[in-house]
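Here's the structure we're looking at; comments come further down.
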Amino acid sequence: MDKKRYKVVVVSDSHGTSQLVKDIEIWNADADLFIHCGDLEDDPNLFDKWIFVRGNNDFFPGGNMKDEQIIRIGEHRIYVTHSHRCSYAGRERQLSRIALQNGCDIVCFGHTHCSEICRENGVLLVNPGSTWSPRDGKEPSYAILYLEGLQTEAELVFESDWPLTPKEEPVRKHRFFHF
């Protein structure tokens with residue numbers, strides 16, 4: 001069994017705020033993997049370390065964005081999709097079913113601009129929200145997964161905790177979920 005602890009950064013719905021995507025990469029230079037769940041709205045070839053899926057607003061002719069990806073890292077298989085082709089009601093149930101059909105235990109998805117970490121049918125679902133324009137009343141965000149053996153941890157990192165965000169006082173808004 002692979003006992004290495006992997007750090008995976010997950011971003012979605014950045015909608016052309018490419019410098020921010022690059023900043024997130026710099027802030028997390030120790031990450032083993034960078035995933036973007038769609039709506040980059042830029043040339044994916046400008047981001048060497050990232051794995052992308054195509055969102056409903058990704059029309060850039062460069063790059064080879066797929067509609068979905070399956071990524072193996074350590075003891076885990078991650079199903080990555082933008083999820084714009086899923087119904088709004090029951091999205092998590094539908095994504096967990098697709099993940100299980102593909103032998104995946106984690107789903108990373110976007111489209112809704114709503115950050116969420118939950119479990120459905122034994123599958124960890126991670127929506128990092130939007131780094132550009134969240135729709136759930138929360139701050140812009142991205143997610144970090146920590147994978148060690150069969151264990152998973154998921155964390156949302158909100159804008160007030162980003163290194164370049166001016167703060168009046170330290171506020172911890174990370175949402176940690178241990179499974």
Side-chain angles (χ1 to χ4, degrees), residues 6-74 76-88 90-118 120 123-136 140-145 147 152 154-157 159 162:
Y6 294 95
K7 179 179 179 179
V8 180
V9 174
V10 185
V11 170
S12 191
D13 297 286
S14 54
H15 291 280
T17 57
S18 298
Q19 185 56 53
L20 180 55
V21 175
K22 291 177 181 179
D23 288 343
I24 290 169
E25 181 181 321
I26 291 167
W27 301 335
N28 294 281
D30 61 335
D32 297 290
L33 180 63
F34 294 91
I35 297 172
H36 196 293
C37 299
D39 282 355
L40 173 68
E41 292 189 44
D42 201 348
D43 183 354
N45 293 317
L46 299 174
F47 306 87
D48 295 342
K49 296 181 180 178
W50 291 79
I51 295 174
F52 295 94
V53 293
R54 182 179 311 283
N56 57 303
N57 290 297
D58 286 321
F59 302 108
F60 200 90
N64 184 19
M65 283 191 187
K66 298 176 183 175
D67 289 333
E68 58 187 15
Q69 298 254 20
I70 295 176
I71 303 164
R72 179 177 254 314
I73 182 167
H76 302 276
R77 285 174 48 101
I78 304 172
Y79 176 71
V80 184
T81 182
H82 188 58
S83 86
H84 59 287
R85 292 191 170 108
C86 296
S87 63
Y88 191 79
R91 179 183 309 266
E92 290 81 2
R93 188 172 48 256
Q94 184 177 358
L95 288 170
S96 70
R97 194 171 336 124
I98 294 168
L100 291 170
Q101 290 169 352
N102 286 283
C104 298
D105 61 322
I106 301 171
V107 175
C108 295
F109 68 104
H111 184 61
T112 64
H113 292 225
C114 298
S115 57
E116 170 185 23
I117 297 172
C118 66
E120 179 80 31
V123 176
L124 177 63
L125 292 116
V126 179
N127 184 334
S130 173
T131 57
W132 172 70
S133 178
R135 296 181 182 148
D136 55 3
S141 59
Y142 65 95
I144 299 176
L145 299 173
L147 311 173
T152 59
E155 170 186 17
L156 296 170
V157 184
E159 184 179 40
W162 297 351

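Along the sequence shown, the residues carry numbers beginning at 1. Quantities reported herein were computed from a predicted structural model and do not represent experimental measurements.
- Glu116 pairs by the side-chain hydrogen bond (donor to acceptor under 3.5 Å, both in side chains) definition with nothing, not counting sequence neighbours.
- Between Leu100 atom CG and Leu95 atom CG the span is 11.0 Å, to the nearest 0.5 Å.
- Summarising the geometry of Gly38 relative to Ser12, their closest heavy-atom pair is O-OG, 3.6 Å, with the distance given to 0.1 Å.
- Relative orientation of the His113 and His15 rings is tilted, given thresholds of 30° and 60° on the angle between their planes.
- Rounding to the nearest 0.5 Å gives a distance of 5.5 Å between OG of Ser18 and CG of Leu40.
- Of all heavy-atom pairs between Tyr79 and Ile70, the closest is CD1-CG1, 4.1 Å.
- Proximity of Leu33 to Tyr6: side-chain heavy atoms (C-beta onward) are nowhere separated by under 4.5 Å.
- Looking at every heavy atom in both residues, Pro134 comes nearest to Ser130 through N-CB, 4.0 Å.
- Using a 30° and 60° split on the angle between ring planes, His111 and His82 fall in the perpendicular class, above 60°.
- Remark: Lys7 NZ to Phe34 CZ distance equals 7.5 Å, nearest 0.5 Å.
- Within the 4.5 Å cutoff, side-chain heavy atoms of Asp67 are placed close to those of Arg85.
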Between Asp58 and Asp39, does the side-chain contact (heavy atoms from CB on, under 4.5 Å) criterion hold? Intermediate values first, please.
CA-CA 5 Å; Asp58 286 321; Asp39 282 355; 4.2 Å; yes

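- A distance of 9.0 Å separates CG in Asp13 from CH2 in Trp132, rounded to the nearest 0.5 Å.
- Taking OG1 of Thr131 as the reference point, atom CD of Glu159 lies at 9.5 Å (rounded to 0.5 Å).
- Using a 4.5 Å heavy-atom cutoff, the side chains of Cys104 and Ile78 are not in contact.
- Taking all atoms of both residues into account, the shortest heavy-atom contact from Ala154 to Leu145 is CB-CD2, 3.7 Å.
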Criterion side-chain contact (heavy atoms from CB on, under 4.5 Å) on Leu20 and Ser14, from CA distance to verdict:
CA-CA 8 Å; Leu20 180 55; Ser14 54; over 6 Å; no

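- Using a 4.5 Å cut-off on side-chain heavy atoms (C-beta onward), Leu147 and Thr152 make contact.
- Annotation for His84 and Gly55: closest pair CE1-C, 4.0 Å, computed over non-hydrogen atoms.
- Minimum interatomic distance between Ser115 and Ser141 (heavy atoms only, all atoms of both residues): CB-OG, 3.6 Å.
- Counting only heavy atoms from C-beta outward, the side chains of Leu124 and Ile117 approach each other to under 4.5 Å.
- Counting heavy atoms from C-beta on, the side chains of Tyr142 and Asn28 come closer than 4.5 Å.
- Taking the side chain as every heavy atom from C-beta outward, Val157 and Trp162 approach each other to under 4.5 Å.
- Arg93 meets the salt bridge (charged side-chain N to carboxylate O under 4.0 Å, His left out) test with no other residue; sequence neighbours excluded.
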Worked verdict on Ile71 versus Cys108 for side-chain contact (heavy atoms from CB on, under 4.5 Å):
CA-CA 10 Å; Ile71 303 164; Cys108 295; over 6 Å; no

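- The CG atom of Asn127 sits 4.0 Å away from atom OG1 of Thr112, with the distance rounded to the nearest 0.5 Å.
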Please table the atom pairs, donor to acceptor, closer than 3.5 Å between any side-chain atom in residues 44-53 and protein atoms at least two apart or in another chain.
| residue | atom | partner | partner atom | Å |
| --- | --- | --- | --- | --- |
| Asn45 | ND2 | Asp43 | OD1 | 3.2 |
| Trp50 | NE1 | Glu25 | OE1 | 2.7 |

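- Side-chain contact between Arg91 and Phe109 is present, with at least one heavy-atom pair separated by less than 4.5 Å.
- Asp105 places a side-chain N or O within 3.5 Å of a backbone atom of Arg77 that can act as its donor or acceptor partner.
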